Amino acid sequence: MALSGPDGVSGQPSKTQEKRGKETVLQAVPGRMAAPGGDGRELNGQGENHEKSKSKQEKGKGENLEERGLLEKPVGIHTKAARPEEGRGDSRSTQEDLSCREQEPKERGPGEERARKEGQCHHEKGTQDGREAVPGDGSEQVPVRKTKPRDARKCEELLERKQLQDDDKEGTDVWAVKMKTDHDERLAGGTRVSKGTRNDQASGPGSVVSRRGKKRRVLRAAEEGAGKSKERKLEGQDQKDKRSREREAQRRSELSEGAAEWQVQGQAPAGTQHTSREESHQRGVKRARGREDVEKEEEPVGAGVSSGNEKKVDQEGERGQQKTDGSRWRWWEEEKSQDVKWTQLEHKGPYFAPPYEPLPDGVHFFYDGKPMKLSLAAEEVATFYGKMLDHEYTTKEVFQNNFFSDWRKEMTVEEREVIKHLDKCDFTEIHRYFVDKAAARKALPWQERQKLKEEAEKLQQEFGYCILDGHREKIGNFKTEPPGLFRGRGDHPKMGMLKRRVMPEDVVINCSRDSKIPEPPAGHQWREVRSDNTVTWLAAWTENVQNSIKYIMLNPSSKLKGEKDWQKYETARRLKGVVEEIRSQYRADWKSQEMKRRQQAVALYFIDKLALRAGNEKEGGETADTVGCCSLRVEHVRLHPEAGGCKHVVELDFLGKDSIRYYNRVPVEKPVYKNLQLFMENKDPGDDLFDRLTTATLNKHLQDLMCGLTAKVFRTYNASITLQEQLRELTSAEDSTAAKILSYSRANRAVAILCNHQRATPKTFEKSMKNLQAKIEMKKEQVAEAKVELKKATADFKTKGDGTSRSFLEKKQRLLEKLEEQLVRLHTQATEKEENKQVALGTSKLNYLDPRISIAWCKRFRVPVEKIYNKTQREKFAWALAMADEDFEF
DNA sequence: CACCTCACTTAGTATTCGGACT
DNA sequence: AGTCCGAATACTAAGTGAGGTG
């Protein structure tokens, strides 16, 4: 498993490179293949060192994964971007490794069953397509971002024409192979890419225009004249039931009109009352009505504490604790509530960020070389910037401009007169002050630190819990967000803007009416206090940068979160039952007469196979330009009739959530390919690929197929089912615990790759890898030494043959065994480390993998659950821990 | 339908913790 | 006792999707 020697890390760019990289154009570059037979699928060994990064043993495992079609999905591929514009010394070419699957005409059932077990084919070396211009790499024309309403009739015509060509029913079901970018490429813009470069199209002057209107217009046009075909309902009755229930609920809530208007309005001075207050009041009333209605009916069933009697509450709490002796509320053993989230909710309100502490006299801000005493408000904002001086953000123009403009708003008139240019501002003293302060804090004597810890604990105890239906539940975030500079991710147009301090006057409190209403800080008022038990939040405020609402909610270990989580997996399990039907339906729809239907079917295919996110539309200019499935644009897709020995290869390259790049080359079934050609025809790069589709319509369609089905359920389903399959495949009972855990980790990683969960290579990676290598070397020496000694002992025993020499020999044998074992463990560790350097396992573990799968696996293979889930995770998944036995099947 | 708000989940990164090592 | 380092936690941005309104 030889983890490449020193070169194992040689590809790491310097920090500066890294920084620059993030601002740089995302460049796809002519690629070359990984070494034939190389395990290109895995993320480990990415980059120039990847060929050497695996031992035979490790490869063996990997191949096993591959043969069984590791998820049939994404598989890591290594690409390397050269960034000539940065004058990098090593103008490395892309190193791509496309492992893809042979078409396999394996058909099960009427529809083309997806063949999950195709072989692997590799790309030929060299450029796959001579790709010169990459969307947004600057070398191509920068398309004007526009989604032209397309004449519906024209589309239908095209469609008809196309249909003639692709009426054949080829059973090409080739599996997706995901090409992972390698480290360098991600840094070159892979991980997060600047819009100003790759996605310039979207930041052009006209691009800020919301895309919504356009798409909708197109949709409307398309809908006209589109034949309505019978919709298949997989769960029609269920659906009907749900709707009638909803109608009933609505009717009831209308009846109870005026029942509850319990609202305590804050008495803040007029100036602080917000314009939206009226609205929110109305909403509150509306909600309260609905709630009141439900409350009345549900009370008897509830926890029986709706009277808010404190004593009763305490008893309940105690009882809850005693029940489990571990103080856990076994809510999963109780009946599930429906719309009502709680009957009793009591808490202390949020904990506010401490007020600003002015800089000491010795710390100065300089303007144009001269010290300048700033007003408190201006100084505070200056410190926000000063603190970040060594962060990449402060080098970005957008950040600087936003900051400066917002900062000036905080200045006094006189200050504004003077401070006109950011580049004349000198924050270095401020910066140094905070660096020193942090260092001083770190260097605090043990006692002092202990004291701080105790204080934090006290705070946690006081503000960090609430009482929900008689049980003490932990709050997830009980502090308001402190003021600072907005740190948008990727190429966010608002980065650097001032995020203002949250005041009690901004905060809406939600608690039960008969509870102790939290006290606002002295001299302040809440904006509003309401009692809405149809929602789960305890407090909320509107943040000024994005104008979005921030909430104080419960910890994942709470009932409210746990129940929802459980329900999520149950929905995914229901999908399991109908997914094949859905698949055959979307396959059929690829040939639909209706454009919208085709687009829907292809989009769904992507969502299902590639685990893409739904891709809601976003407001242009307000956020970074990122997309998901429905919002894909033509520029994000490239079609290759043939690539790497596979036919019908689709290349997807776009920035997804958090501006994480998704890059994948995947062979698709022929109809999909043909449809994509059709969808892209006569469109500009900036046009929507699925111009007839929105997430809303897609989800509506899904809802018809299965109650509760939405696009994101596919992600959950595919992630969980993949874990289960992988675990089954990779684990053998006779493995050591360590080996089993490695298998788990691999299965987990397969999911992470599927879901494109990436992370920046840890800053300490290079160093810690070196350390590990050193350890391995040392261990090797020890092993060699032990071998020599064993030899000696053997010889000694042969000559002497007495008891002493015998026991000495045995001792040496044991020692050698132990050392060898340790060596293996170290190697394993190193392999894992390498493989995981850019893959974030936590996200899928926490959000996509049904915990019962893992728990069942632990039980079946006698792996302690603690090896898989840490304390926090066990708390979050307490419900699963309690209910999953070793036979659990997702 | 278009637009908008709201609630809640999912996400990556920064910071802190705590134990091993020196 | 101090340092180092990975793991755990804290933080908050960025998604999804439901539902209201006109």
Side-chain angles (χ1 to χ4, degrees), chain A residues 191-192 210 212-217 219-220 223 246 250 276 279-280 282-283 286-287 341 391 438 441-443 445-446 449 452-453 456 460 476-482 484 486-490 492 494-495 499 510 532 534-537 540 542-543 545-551 553-556 560-561 564-565 568 613-619 622-624 626-631 656-660 694-700 702-703 708 710-713 715-716 755-760 762-765 767-768 771-772 829 833 840 842-844 846-848 870-873:
Chain A
T191 300
R192 248 169 224 150
S210 163
R212 281 183 185 168
K214 291 173 183 168
K215 192 156 182 174
R216 301 245 157 87
R217 253 175 281 138
L219 281 169
R220 205 175 1 174
E223 242 45 345
E246 281 165 3
Q250 168 142 22
S276 61
E279 275 174 39
S280 103
Q282 282 169 4
R283 273 197 302 275
K286 215 160 254 168
R287 284 184 185 285
K341 304 290 168 54
H391 200 287
R441 225 177 96 87
K442 241 171 123 182
W446 183 83
R449 304 193 72 174
L452 285 175
K453 242 170 86 180
Q460 169 72 42
N477 56 323
F478 62 89
K479 294 175 177 168
T480 61
E481 295 176 12
F486 177 73
R487 297 156 85 123
R489 303 189 183 154
H492 202 295
K494 294 192 170 182
M495 64 168 77
K499 190 167 82 168
N510 191 32
D532 181 352
T534 65
V535 295
T536 66
W537 52 268
T542 300
E543 158 264 9
V545 176
Q546 312 235 62
N547 226 291
S548 63
I549 307 168
K550 301 273 190 165
Y551 300 93
M553 286 185 187
L554 295 182
N555 186 273
L560 250 28
K561 295 286 184 188
K564 205 77 188 293
D565 209 34
K568 171 180 78 186
R613 293 188 187 83
N616 278 321
E617 291 174 62
K618 305 168 74 184
E619 235 165 293
E622 296 284 307
T623 57
T626 61
V627 298
C629 185
C630 293
S631 48
K657 181 176 180 179
D658 290 313
S659 291
I660 296 292
T694 65
T695 50
T697 56
L698 179 66
N699 280 330
K700 222 160 117 202
L702 293 174
Q703 197 65 232
T710 63
K712 85 186 184 81
V713 178
R715 242 167 111 80
T716 312
C755 295
N756 202 37
H757 290 144
Q758 302 188 31
R759 62 167 184 172
K763 284 186 191 112
T764 52
F765 180 82
K767 202 168 151 198
S768 63
N771 289 344
L772 197 50
Q829 220 179 318
K833 202 187 189 73
T843 309
S844 48
L846 241 43
N847 300 301
Y848 288 102
N870 68 30
K871 189 167 157 272
T872 316
Q873 292 163 341

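The shown structure was predicted, so the numbers you read here are calculated from the model rather than taken from an experiment. Letters A, B, ... are given to chains in the order of the sequence lines, protein chains preceding strands, and every chain is numbered from 1.
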May I ask you to say what [X] touches in the nucleic acid, namely base, sugar-phosphate or nothing, with a heavy-atom cut-off under 4.0 Å?
X: A:Gly615; answer: sugar-phosphate
X: A:Ala711; answer: sugar-phosphate
X: A:Pro482; answer: sugar-phosphate
X: A:Lys341; answer: sugar-phosphate
X: A:Lys499; answer: sugar-phosphate

Establish whether the base of B:dT10 is bridged to the side chain of A:Lys712 by a donor-acceptor pair shorter than 3.5 Å.
->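 Flag unset: no donor-acceptor pair detected.
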Any heavy-atom pair between the side chains of [Y] and [X] that's under 4.5 Å?
X: A:Lys564; Y: A:Thr536; answer: no
X: A:Leu698; Y: A:Cys630; answer: yes
X: A:Glu622; Y: A:Lys494; answer: yes
X: A:Leu846; Y: A:Gln873; answer: yes

Rounded to the nearest angstrom, tell me the gap between atom [atom1] in [X] and atom [atom2] in [N].
X: A:Arg487; N: B:dA14; atom1: CZ; atom2: P; value: 7 Å
X: A:Asn510; N: B:dC8; atom1: CG; atom2: C1'; value: 14 Å
X: A:Lys763; N: C:dA7; atom1: NZ; atom2: P; value: 17 Å
X: A:Glu619; N: C:dG15; atom1: CD; atom2: P; value: 14 Å
X: A:Gln546; N: B:dC4; atom1: CD; atom2: C1'; value: 16 Å
X: A:Met495; N: C:dA13; atom1: CE; atom2: P; value: 13 Å
X: A:Asn756; N: C:dG15; atom1: CG; atom2: P; value: 13 Å
X: A:Asn616; N: B:dC8; atom1: CG; atom2: P; value: 17 Å

Once rounded to the nearest 0.5 Å, what's the spacing between atom [atom1] of [X] and atom [atom2] of [Y]?
X: A:Thr843; Y: A:Arg759; atom1: OG1; atom2: CZ; result: 10.0 Å
X: A:Lys550; Y: A:Lys499; atom1: NZ; atom2: NZ; result: 5.0 Å
X: A:Asn477; Y: A:Leu554; atom1: CG; atom2: CG; result: 9.5 Å

First encountered from the 5' end of DNA chain C, between A:Lys871 and A:Gly656 |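 It is A:Lys871, whose closest nucleotide lies nearer the 5' terminus.
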Tell me whether the side-chain N/O atoms of [X] come closer than 4.0 Å to OP1 or OP2 in [N].
X: A:Tyr551; N: B:dT9; answer: no
X: A:His757; N: B:dT10; answer: no
X: A:Lys618; N: C:dG15; answer: yes
X: A:Thr626; N: C:dA14; answer: no
X: A:Lys550; N: C:dA13; answer: yes
X: A:Lys767; N: C:dC5; answer: yes
X: A:Gln758; N: B:dG12; answer: no
X: A:Lys568; N: B:dT10; answer: yes
X: A:Lys564; N: B:dA7; answer: no
X: A:Asn771; N: C:dC5; answer: yes
X: A:Thr536; N: B:dC8; answer: yes
X: A:His391; N: B:dA14; answer: yes
X: A:Thr843; N: B:dG12; answer: yes
X: A:Asn477; N: C:dC11; answer: no

Just checking, any donor-acceptor pair under 3.5 angstrom between side chains of A:Lys618 and A:Thr626?
->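 There is such a pair between these side chains.
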Per [X] side chain, nearest of listed nucleotides [options]:
X: A:Lys479; options: C:dG17, C:dC11, C:dA13; value: C:dC11
X: A:Trp537; options: B:dA7, C:dT12, B:dG12; value: B:dA7
X: A:Asp658; options: B:dG12, B:dT13, B:dG18; value: B:dG12
X: A:Lys561; options: B:dT9, C:dT16, C:dG6; value: B:dT9
X: A:Thr710; options: C:dA14, C:dA18, C:dT16; value: C:dA18
X: A:Gln703; options: C:dA18, B:dG12, B:dC8; value: C:dA18
X: A:Ala840; options: B:dT10, B:dG12, B:dA14; value: B:dG12
X: A:Tyr848; options: C:dA13, C:dG17, B:dA11; value: B:dA11
X: A:Arg613; options: B:dC8, C:dA13, C:dT16; value: C:dT16
X: A:Phe486; options: B:dC8, C:dT16, C:dA13; value: C:dA13

Classify the angle between the aromatic ring planes of A:Tyr551 and A:Trp537 as parallel (below 30°), tilted (30 to 60°) or perpendicular (above 60°).
->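 A:Tyr551 and A:Trp537: tilted rings.
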Taking the nucleotide of DNA chain B with the closest heavy atom to each, which residue, A:Arg441 or A:Arg715, is nearer the 5' end?
->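 Closer to the 5' end of DNA chain B: A:Arg715.
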If you pin A:Arg449 and A:Ile549 to their nearest nucleotides in DNA chain B, which one's is more 5'?
->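 Mapping each residue to its closest nucleotide by heavy atoms, the 5'-most match is A:Ile549.
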